[in-house]
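Single-structure report; data block below.
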Amino acid sequence: MVAAKLTKQREGMGNITARDIGKEFIRPDGKRTIALSNLNVDIKAGEFICLIGPSGCGKSTFLRLIAGLSKPTFGEIRLDNQLIKGPGYERGLVFQDSTLFPWLNIYDNIAYGLKIRRVFKQHKQDVNEFIRLVGLAGFEKAYPHQLSGGMAQRASLARALVSNPKILLLDEPLGALDAFTRMNMQDEILRIWKERDTTMLMVTHDVDEAIYLSDRVFVMTPRPAKIEEIIEVNSGRGENRGRQRDSGDFLRLRSKILQILDFTGKTPPPEYYL
Amino acid sequence: MAEKIKNEQKLSFGFNFRSAIPIGALIITLLTEILIPNNQEAKYRELTNFRSVLFFALIISVILFTITLFYKNFRSKYSHKGWFIGGFILFFNILNVVTVKFLLLPQIYFPSLNRVLNVYIEDRQFLLKCMGSSFSLLIEGLIFGTVVGVFTGILVGWSLNWNYWLYPIIRILGPIPSSTWIPLALVLFPTPRWAAVFLIAFGVWFQITILTSSGIQSVKKSYFEVSSTMGATNLQNLFHIAIPDALPSIFLGFFNATCSSFVALMAAEMLGVKAGIGWYINWQKEMISYPNVYAGLVIIAVFCYLFITLQFKVRDKLLGWQKGVIKW
Ligand SMILES: Nc1ncnc2c1ncn2[C@@H]1O[C@H](COP(=O)(O)OP(=O)(O)OP(=O)(O)O)[C@@H](O)[C@H]1O
Ligand SMILES: [Mg+2]
């Protein structure tokens with residue numbers, strides 16, 4: 001078992017409470033874009049949440065607010081009752097597009113956060129484990145431009161995981177992977193989640209992926225951007241979890257989510273018609 | 001793959017006719033030199049320096065050609081340059097013919113190659129002293145200018161307050177040509193030598209400041225964001241993100257600065273120094289001694305070329321990661 005070797009130093013917390021969140025952007029022409037309005041979200045520590053919704057409905061915006069990279073125009077977000085004021089390593093974020101540092105090789109990219117916080121020595125082993133875990137062993141010395149899109153995304157994932165955050169914010173982390181690697185990575189993410197009790201908030205466009213992975217699926221709709229419905233999908237962390245892709249329940253949940261997306265978005269993007 | 005591809009010198013026989021082009025060009029030039037007599041009216045027509053250099057070059061080119069027969073890597077590099085080297089030699093052949101053989105150009109302004117080469121023999125000692133003097137002036141100017149330039153570049157690129165106050169001033173001061181500063185530099189600095197170092201350092205400072213600050217300002221915002229979500233402080237973002245990402249731009253600034261410092265050298269050596277290549281050229285120009293002027297110019301050109309080549313080598317070592325990102 002790989003994860004047994006991984007260091008567990010984090011207190012098992014990671015509750016997110018978001019109250020009446022609103023986010024507005026001022027466009028260059030002076031008009032306002034309302035990206036989010038009146039959003040109320042409660043995420044319990046250790047939960048796995050998937051966020052699903054049409055393009056442009058504010059999913060990335062919400063993740064950035066939790067990460068502390070931008071501030072909400074209205075309302076407040078708390079992590080374990082602490083107001084989020086700025087970014088911090090206890091809230092890891094995997095960006096929608098790869099943001100590996102081109103001047104560092106893969107190993108140094110993944111070890112970056114640990115080195116910055118001067119805890120690299122204690123966690124050296126974790127770096128190697130995560131490199132192996134995401135299937136990049138042998139590419140430690142390669143530079144980001146030498147990797148494929150999927151490999152770069154896996155490296156980004158490893159880089160966020162190695163810091164062992166309380167909550168991991170994932171913005172379509174598996175979007176660039178082929179179906180097979182994608183399913184493998186889903187299982188790895190599930191396994192890491194079970195091992196480490198990290199709270200997970202993951203944006204995805206893949207309804208199956210959302211049902212397969214999460215405890216609850218938040219279905220978002222645009223204009224006004226809000227969470228239309230919260231769907232309980234899984235519970236517990238038994239061995240059975242995540243192994244029922246063709247069960248009746250699975251298909252029922254899937255058609256339910258698709259229905260919500262279909263009825264609420266006026267012209268849902270084609271990716272939801274499966 | 002992460003595997004290293006080593007540039008091993010493989011022993012393998014082979015022949016590429018392009019490797020022989022320099023030999024051919026040298027033989028043609030040598031025959032021209034020997035078979036056509038120097039013009040009766042040419043000054044110093046008895047000099048044979050060019051001929052000696054050609055003989056020497058011929059021996060070298062034969063040796064190089066022999067090496068290409070055995071080593072694959074060297075063969076491909078050398079043969080690639082074959083046409084260029086050949087053309088270069090033939091250019092000198094034409095110069096030789098036009099000047100000393102047929103006197104097609106006025107002798108005062110276009111002295112024969114023999115006479116230019118003769119400067120290196122007669123003024124050997126003095127030229128060496130000049131080179132040493134110029135070299136130390138240049139290096140001091142470059143070091144001062146670079147250190148201060150990187151520092152102000154980072155301030156202007158990183159801090160909005162510094163940017164607000166300094167950037168307009170830099171924009172105004174920077175483009176002023178070095179020589180304009182001569183009177184002020186002489187007043188401000190205790191010795192002319194310091195003033196000369198300042199003139200060189202000033203141009204270097206401007207180039208490096210501009211490119212350092214623009215390099216830092218154009219770092220992708222998302223790099224800072226990822227770094228922050230991994231726990232980096234503002235200062236760590238500067239040293240671990242902004243500066244490494246701006247390094248290619250800083251290097252470009254250094255390259256520009258090197259080129260402009262050679263121009264500034266001429267101005268700087270007008271300030272009461274008693275030796276230096278720039279000073280030598282100015283002096284000989286006033287004496288209307290053009291063979292010496294050309295000899296000095298060649299030294300500067302070779303010097304500059306070597307310096308920039310060295311710089312590129314260092315850059316390739318430091319910025320290997322860039323190779324796949326941009327074309328160079
Ligand atoms: N920095 C910004 N400035 C102005 N408008 C913005 C900014 N960031 C996001 N927006 C707007 O906010 C809305 C939501 O954007 P967001 O990136 O959160 O969408 P998303 O749900 O992540 O979409 P996708 O699935 O395509 O990634 C969009 O209308 C977008 O134009
Ligand atoms: Mg997005």
Side-chain angles (χ1 to χ4, degrees), chain A residues 60 63-64 66-70 84 86-119 131 136-147 151 155-156 159-165 167-169 171, chain B residues 1-7 150 153-154 157-158 211-212 214-254 314-328:
Chain A
S60 299
L63 252 50
R64 288 173 59 84
I66 298 177
L69 293 174
S70 64
I84 290 170
Y89 71 90
E90 75 284 355
R91 283 160 284 132
L93 175 57
V94 177
F95 284 68
Q96 196 162 1
D97 34 45
S98 166
T99 45
L100 294 173
F101 305 131
W103 58 90
L104 294 180
N105 63 31
I106 298 310
Y107 187 91
D108 290 333
N109 257 292
I110 293 174
Y112 179 84
L114 298 175
K115 285 183 176 166
I116 283 291
R117 284 160 45 220
R118 304 191 210 296
V119 293
I131 288 175
L136 289 175
F139 288 91
E140 288 90 346
K141 292 271 178 305
Y143 283 94
H145 70 82
Q146 296 168 309
L147 301 188
M151 287 161 88
S156 305
R159 184 172 63 173
L161 284 168
V162 82
S163 290
N164 197 8
I167 177 164
L168 194 55
L169 308 160
D171 202 344
Chain B
M1 261 322 280
E3 264 171 46
K4 265 184 203 158
I5 302 154
K6 277 189 187 155
N7 272 337
V150 168
I154 289 172
W158 186 251
L211 277 145
T212 303
S214 78
I216 284 183
Q217 281 167 343
S218 60
V219 179
K220 274 207 280 177
K221 202 173 137 227
S222 58
Y223 291 152
F224 293 126
E225 292 180 343
V226 207
S227 177
S228 300
T229 60
M230 288 190 288
T233 62
N234 237 348
L235 208 62
Q236 282 175 323
N237 274 344
L238 171 62
F239 284 103
H240 294 279
I241 305 292
I243 294 179
D245 200 41
L247 219 50
S249 180
I250 297 176
F251 255 92
L252 183 62
F254 193 61
V314 173
R315 183 189 68 170
D316 290 4
K317 267 257 169 323
L318 273 174
L319 301 180
W321 60 267
Q322 252 211 321
K323 257 188 184 144
V325 185
I326 59 163
K327 185 186 180 305
W328 57 356

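Since the model is a prediction, treat every value here as computed from it, not as a measurement. Order of the sequence lines fixes the chain letters, A, B, ..., with proteins taken first and strands second; residue numbering starts at 1 for each chain.
- Considering only heavy atoms from C-beta on, B:Pro248 stays 4.5 Å or farther from A:Trp103 through its side chain.
- For the residue pair A:Tyr112 and B:Ser227, the shortest heavy atom distance occurs at OH-OG, 2.8 Å.
- When all heavy atoms of A:Pro102 and B:Asp245 are compared, the pair lying nearest together is CG-OD1, 4.5 Å.
- For B:Ile241, the parts lying under 4.5 angstrom from a heavy atom of chain A are both the backbone and the side chain.
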- Task: Could you give me the CA-CA distance, side-chain angles and deciding distance for B:His240 and A:Phe101, then say whether side-chain contact (heavy atoms from CB on, under 4.5 Å) is met?
- Result: CA-CA 10 Å; B:His240 294 279; A:Phe101 305 131; over 6 Å; no
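- Under the side-chain contact (heavy atoms from CB on, under 4.5 Å) criterion, A:Ala67 pairs with A:Leu69, A:Leu93, A:Leu169, B:Thr229, not counting sequence neighbours.
- Residues B:Val226 and A:Arg159 have side chains in contact (heavy-atom distance under 4.5 Å, counting atoms from C-beta outward).
- Counting all heavy atoms, side chain and backbone alike, A:Arg117 lies closest to B:Met230 at CD-O, 3.5 Å.
- Distance CD/B:Gln236 to NZ/A:Lys115: 13.0 Å, rounded to 0.5 Å.
- With chain B as partner, the option from A:Ala160, A:Gly92, A:Gly88 having the largest number of non-hydrogen pairs under 4.5 angstrom is A:Gly88.
- Interface remark: A:Arg64 contributes side-chain atoms only to the contact with chain B (heavy atom separation under 4.5 Å).
- With a threshold of 4.5 angstrom between heavy atoms, A:Leu147 does not approach chain B through any atom at all.
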